[in-house]
Each structure stands twice: as structure tokens, then as C-alpha cells.
Amino acid sequence: MSSLISGKIRTLPINTVRIIALLLLSAVCVLSASASDTTPAPIREPQISLLEAKRFLARATFGPTQADIAALQEKGYEQWLDEQIAMPIQQRQLNRTIALALMAEPAEQHFAANGFMGPQSSPTWVYQTSAWWEAALTSPDQLRQRVAYALSQILVVSTAAEPYLFDRAEGVAAYNDLLLEHAFGNYRDLLSAITYSPAMGVFLSHHGNRKGDPKKGTSPDENYARELMQLFSLGLYHVNNDGTPKLSSGEPIPVYTQADVMELARVFTGWDMVANPNFGNRGNQTGNLTVPMEFNKDFHDFGEKTLLGKTIPANLSGKDDVEAALDIIFAQPEVAVFVSKQLIQRLVTSNPSPEYIARVANAFNDNGQGVKGDLAHVIRTLLLDPDAKNVELKAQKLREPVLVIAGLLRALNVQPAKSWVTKHNGKMEGVYWFKKLDIGQNPFMAPSVFNFYEPDFQPAGEGFANQNLVAPEAQLLDSQTLIGTYNLINFIFKVRDTQALKLKPENEQIRLAKQGGRGWLNVTINTAPYIALLEPTNKNNSNKNRAKAIKALIAKLEQDLLIEPLSEESAQVIASYLQKPKSKNKKIEAQRLVSDAARMMLMAPSNWVQK
């Protein structure tokens with residue numbers, strides 16, 4: 001254990017990392033074993049305990065803060081949800097992306113006749129990434145932001161898997177705004193919005209899709225048609241309302257065929273970016289990725305189509321063709337089950353009971369007013385469901401690195417980076433600066449349309465296959481991810497803490513101040529409230545006095561940084577490690593105690609399991 005908490009980075013023995021990974025898997029195995037009990041215990045109302053508040057906010061936000069907890073306990077679940085759902089978008093990512101670009105490169109030309117379009121050398125992806133993190137960490141509309149993030153992991157668009165979007169990341173910023181706008185809207189409208197999105201069009205190649213030419217032996221691109229059905233709406237097989245598969249001769253029944261894919265691909269022809277001089281062109285200085293695609297009749301297949309047993313008449317307009325196809329797909333009973341289960345997995349638990357899935361699918365099918373696809377009603381239902389709120393049900397899911405880091409920074413009341421001047425002579429003020437973090441996961445940077453992990457991923461360890469349980473996030477939590485996350489936590493406490501910076505030599509402070517945007521993350525935290533708990537040791541550093549101060553520090557860090565309380569054994573291990581001083585400089589020693597204690601607690605297996 002000492003190698004894990006020594007403060008050294010990138011030197012963790014591989015055996016230590018494997019132990020951490022095994023502990024994570026064993027923890028979720030033990031916890032998941034109780035998921036099969038589908039009889040919820042009574043929910044304690046109306047008083048919301050600290051633990052219940054933390055667990056609820058871990059699902060509904062990017063991490064609980066003390067203010068969030070107090071608000072939830074005062075208002076209760078229903079009022080808190082009402083206010084969050086009613087709250088308009090507080091910060092649009094495209095607007096903030098553009099603002100950061102103009103701030104960083106004030107002399108560059110960022111606009112063309114058809115809208116925002118940064119210079120070819122401009123790191124628009126950094127501005128887009130920074131804008132995303134700023135909203136996740138600070139925006140008051142936390143539920144909307146959190147649901148949009150969940151949707152981004154279902155309706156995947158990625159700058160990592162599509163280089164053109166990496167260069168033209170304003171399209172991804174606009175796509176995230178689209179998810180924010182529809183987070184509490186209707187899923188049918190969301191399917192339309194993503195279909196016309198140029199970011200999705202580029203990513204799944206129906207942008208510039210042409211009708212088939214029998215003479216040349218060409219046919220429309222099938223990529224979006226296939227993923228729309230498989231990953232965005234229907235899944236692979238016919239299912240009952242509780243998610244259990246329908247069988248024929250003991251085998252699952254495919255919900256669509258290759259013929260359906262081919263027919264649907266014909267629907268998605270003739271769509272292109274606005275202001276694109278050549279149909280389907282992907283120029284760095286042409287086309288507008290921030291507004292819906294436009295229709296070009298010259299490249300559309302106007303023939304009759306047959307989809308999922310229904311006929312789409314010939315000679316419809318391009319948009320009517322698309323809308324007719326989406327109506328047919330949305331009418332399928334599998335949509336409610338597929339979307340409901342995906343959202344439950346992203347927000348609450350990896351292994352929802354059939355009863356839980358059925359309750360949420362019923363809410364998807366009818367919001368009480370005869371409307372199908374009302375996402376506000378679906379989110380409310382899945383968060384308030386007895387299986388979600390019941391503290392007696394121990395099994396839920398593994399936490400993702402993005403959520404661990406976001407939760408840490410929110411709990412520490414993260415502030416913008418200190419101002420700096422860019423190489424373009426732009427003064428950066430009030431900026432939360434983020435590049436690609438080495439934690440195995442970054443928003444809108446999934447390796448493929450299948451996200452960072454698949455919803456049915458089943459680890460090889462005991463307790464999964466024999467109980468038909470899954471742990472999707474385990475596919476991501478390998479040794480490289482854990483080391484990277486540990487290093488980033490270490491960096492935050494050693495380099496981005498104002499208390500740690502004060503202790504560095506003056507020339508090092510100047511160097512870090514000038515570094516500005518060259519680092520992978522530039523924000524500010526302040527651990528002074530925790531260091532203050534160690535003041536008694538400055539006057540009397542006896543073993544008894546030191547042990548008492550360390551115990552108070554651990555309790556405060558646990559209250560602020562962790563969702564789940566530490567086990568008594570873990571708390572004793574941490575306290576024992578911290579008991580021996582490593583520096584005679586009291587200020588350096590105090591800062592070390594805070595950072596070491598926090599790192600140990602944050603990397604503990606219990607902190608990676610969401611209950």
C-alpha cells in the first residue's frame with residue numbers, strides 16, 4: 001500500500017495496480033450479488049439522511065457539494081427535481097467554446113460568411129473540452145448537464161474516432177447543446193435532432209450520403225441506418241417490456257434485418273452541411289457544423305421504401321422521408337425498453353431488475369397524459385424508483401474516471417485558473433482549462449460509436465457470468481486508467497492547490513504561472529480548510545495530539561470528498577500511514593498529510609463503487 005500513497009507518480013508497481021483492479025471487481029461482484037433481490041424495502045421519507053443525499057446526487061449531478069446536499073435535504077427529492085427540470089440551460093457549450101477561442105486568439109479570424117470557423121491551426125477541441133468541463137463543474141443546471149452526458153454515451157459522437165470533428169470541434173459543442181436542449185424533451189424529437197446534426201452526419205457518414213447508382217454498382221452508406229436502430233433506439237432483439245428477450249425455438253428474435261438497414265440507408269441520402277460548396281466535402285474552412293444539415297434533392301433516393309414491415313411512399317420530400325422512417329422506428333415497443341435500460345445503466349445501476357426496467361419503460365410509453373418518449377418523466381421515474389432510492393439495495397455500478405475527477409473538483413469548490421497570457425497575446429481570465437486527460441476517458445472522445453464500454457460487458461471474474469450480471473465500466477478500469485487517474489489526483493493536489501504552490505520555490509511558482517494553457521489541466525483548488533484542522537500539531541506534535549488531528553482530517557475529507565463512508569479498517573490504515581512525519585517543515589508536512597490522505601481515500605475501491 002505504501003507505494004500507492006508515497007506521492008511518486010508513474011511508478012506504481014504493476015502488482016499494486018492489479019490488486020486495485022481486483023479489489024474493484026471483487027467489490028462490484030459482492031455488491032451486485034444482491035441486485036437479484038427485486039423486492040424493494042420501504043423508503044424512509046421524508047427525512048433525507050446525509051448518505052441518501054450523497055447517493056442521490058451522485059446519480060443526478062456531477063458530484064454532490066455541501067450546498068447541493070443542504071438544498072436536497074431542505075427541499076426533498078420531488079421539489080429538487082421539479083426545480084432542476086424547470087431550469088433553462090445555464091451555459092451553452094457552443095457559446096462558451098467561441099468565447100474561449102476569441103479570448104485565446106483575439107487577433108485571429110474566427111468567423112466566415114456562414115458562421116463560426118476557427119483558423120485551421122486553432123485548437124478548437126481544447127476550447128470545446130474546457131467549455132464542457134466548466135459547465136459540468138459549475139453550472140447550476142446539474143441534472144440537465146448530467147442527463148446530457150448520459151445521452152452523449154448512448155448517442156455517441158467522438159472527436160477521437162473522427163479526426164475531422166477533432167479539427168472542427170465547434171460541431172461537437174453544438175451537438176452537446178442539442179443534447180442539453182432535449183435532455184428533458186421528447187426522445188422522438190431528439191432522434192430527429194441528432195439525425196440532422198452535422199456532427200452526427202460526419203461521425204456516422206450519412207453527411208454527403210448519395211443515392212445508389214445501379215450502373216456503377218454503388219449503394220448508400222449504411223452506417224447511420226444500422227447504428228440508429230442498433231445503438232440509438234431498438235437494440236438487436238425483440239424484448240418484453242421488462243427487458244427479457246422474446247424467444248423463438250429458444251433463440252432471440254432479431255428486431256431488424258439487413259434489408260431494413262439497406263432500406264433505411266436510402267432514406268438518409270441527400271443531406272449535407274450548410275454552405276458546403278461541394279456535396280459531402282469535408283473542408284477545414286467550408287461548411288457550417290453548428291446548424292442542422294440541409295437537403296439536396298439531386299442526391300436523394302425518392303423511391304418507395306419498406307422499413308420494419310411498413311411502407312414509406314415514394315416522392316416524399318427529404319425531410320418527410322426521414323420523419324416517416326423515424327416514426328416507424330419510434331413506434332416499435334423495443335424503443336421504450338432500450339432507452340430506459342440504457343439511461344438506468346448510465347445513471348443508477350448496471351444491473352436493473354426486470355421490474356425496475358418495466359416501471360421506467362411504462363413511464364417512457366406514457367407520461368400520464370398519453371405521451372410517449374417524455375424524457376423529463378422518464379428521468380424523474382428512474383431516479384425516484386424504489387430500486388434507485390433504496391439504501392438497502394447495495395448493488396449499483398462502478399464509477400467512471402470522469403465522474404470521479406468531476407466529483408472531486410466539485411467537492412473542493414474548484415475555481416478558475418489564475419489568469420495567463422497566451423502565445424497569441426490573449427489574456428485568459430475566469431477559465432477552467434482542460435485538455436485530454438490521461439484517465440482513459442474524456443467527454444466526446446470515445447474510441448468508437450460503442451462508447452468507452454459496452455452496456456453488456458461482463459468481466460471474467462466470478463460472480464458475473466454465473467449470475468448473468470454485467471459491469472460495463474469495468475471494461476474501462478484497467479491498470480493504465482487507474483494509474484492515470486492516480487497521477488491526475490496527485491497533480492491536482494501538488495500543482496493546482498494554492499496551499500501547495502505557496503510552498504514551492506519562487507522560481508517554480510513563476511514558471512507554473514507562466515505555463516498557463518500548456519498543462520493538461522489548469523484550475524485552482526484551496527485545501528486551507530483541511531490544513532487548518534492540523535493546526536494543533538504545530539503547537540504540540542505529540543503522538544496523541546497528532547493522531548487526534550489526523551482523525552479529524554480524515555473525517556472531514558470523508559464528509560466532503562467521498563460518497564460512501566470509509567470502513568473502520570480503511571480509516572485505521574490511512575491514519576496509521578499518516579502518523580509518521582516525513583518533513584520537519586510544518587507547512588509542508590500539513591499539505592502532505594492532506595494530499596496523501598485524500599489520494600488514499602479517493603483511490604480506495606469503495607470510492608469507485610456507486611451504490
Side-chain angles (χ1 to χ4, degrees), residues 151 154-155 178-179 181-198 200-201 204 206-207 209 211 220-239 241 246 253-271 292-297 300-343 360-378:
L151 290 170
I154 301 169
L155 311 170
L178 179 157
L179 299 180
E181 290 166 7
H182 292 274
F184 302 137
N186 193 287
Y187 196 75
R188 171 63 182 82
D189 296 334
L190 178 56
L191 288 179
S192 285
I194 66 167
T195 298
Y196 303 125
S197 162
M200 180 62 79
L204 290 183
H206 62 291
H207 156 259
N209 200 13
K211 62 185 176 183
D221 188 286
E222 299 173 0
N223 202 9
Y224 183 66
R226 179 176 291 104
E227 308 307 2
L228 172 63
M229 291 191 288
Q230 179 182 340
L231 301 179
F232 300 166
S233 59
L234 300 177
L236 289 172
Y237 303 107
H238 285 288
V239 294
N241 198 48
K246 294 181 178 179
I253 307 167
V255 71
Y256 64 86
T257 66
Q258 175 58 25
D260 291 316
V261 173
M262 295 171 68
E263 290 289 277
L264 186 56
R266 294 172 57 209
V267 171
F268 299 128
T269 52
W271 293 92
M293 292 188 291
E294 62 183 4
F295 181 67
N296 188 322
K297 62 182 179 59
H300 183 63
D301 184 336
F302 284 96
E304 181 182 278
K305 295 122 184 147
T306 302
L307 176 65
L308 301 173
K310 302 291 184 180
T311 299
I312 300 174
N315 299 317
L316 293 179
S317 70
K319 187 170 184 178
D320 286 346
D321 224 8
V322 170
E323 296 301 317
L326 294 179
D327 282 343
I328 291 171
I329 292 171
F330 190 68
Q332 304 304 306
E334 282 74 19
V335 174
V337 181
F338 180 84
V339 176
S340 297
K341 183 177 180 181
Q342 291 274 319
L343 286 171
V360 179
N362 287 338
F364 187 102
N365 280 324
D366 188 344
N367 67 352
Q369 299 177 346
V371 176
K372 180 179 181 179
D374 181 350
L375 288 177
H377 186 62
V378 170

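Positions are given from 1, in the same order as the sequence printed here.
Residue pairs that meet the salt bridge (Lys or Arg N to Asp or Glu O under 4.0 Å) test with at least one member in residues 362-373, sequence neighbours left out, do not exist here. The stretch residues 312-333 participates, sequence neighbours left out, in these salt bridge (Lys or Arg N to Asp or Glu O under 4.0 Å) pairs: Arg188-Glu323, Arg188-Asp327, Lys305-Asp321.
To the nearest 0.5 angstrom, Ser192 atom OG is 11.5 Å from Tyr187 atom OH. Note that the CD1 atom of Ile253 and the NZ atom of Lys246 stand 7.5 Å from one another [nearest 0.5 Å]. Ile312 CD1 to Ile328 CD1: the interatomic distance, rounded to the nearest 0.5 Å, is 4.0 Å.
Shown here are the salt bridge (charged side-chain N to carboxylate O under 4.0 Å, His left out) partners of Arg226, two or more places apart in sequence or in another chain: Glu222. Here Tyr196 pairs with Trp271 under the ring pair (Phe, Tyr, Trp, His ring centres under 6.0 Å) rule; sequence neighbours left out. For the salt bridge (charged side-chain N to carboxylate O under 4.0 Å, His left out) test, no residue two or more places apart in sequence or in another chain qualifies with Asp189. Residues that satisfy the salt bridge (charged side-chain N to carboxylate O under 4.0 Å, His left out) test with Asp301, not counting sequence neighbours, are Arg266. Under the ring pair (Phe, Tyr, Trp, His ring centres under 6.0 Å) criterion, His206 pairs with Tyr224, Phe268, sequence neighbours left out. Remark: Asp260 engages Thr257 in a side chain to side chain donor-acceptor pair (under 3.5 Å) (not counting sequence neighbours). Residues meeting the ring pair (Phe, Tyr, Trp, His ring centres under 6.0 Å) test with Phe232, sequence neighbours left out: none. In this view, Asn223 and Leu204, Ser205, Asp221, Glu227 satisfy the side chain to side chain contact (heavy atoms under 4.5 Å, CB included) rule, not counting sequence neighbours. Under the ring pair (Phe, Tyr, Trp, His ring centres under 6.0 Å) criterion, Phe184 pairs with no residue at all, not counting sequence neighbours.
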Can you give me every donor-acceptor pair (side chain of residues 333-343, partner residue at least two apart or in another chain, under 3.5 Å) with its distance?
{"residue": "Glu334", "atom": "OE2", "partner": "His238", "partner atom": "ND1", "Å": "2.8"}
{"residue": "Glu334", "atom": "OE2", "partner": "Val239", "partner atom": "N", "Å": "3.4"}
{"residue": "Ser340", "atom": "OG", "partner": "Ala336", "partner atom": "O", "Å": "2.6"}

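Residue-environment remark: CD (Gln258) exceeds the threshold of 12 foreign heavy atoms within 6.0 Å.
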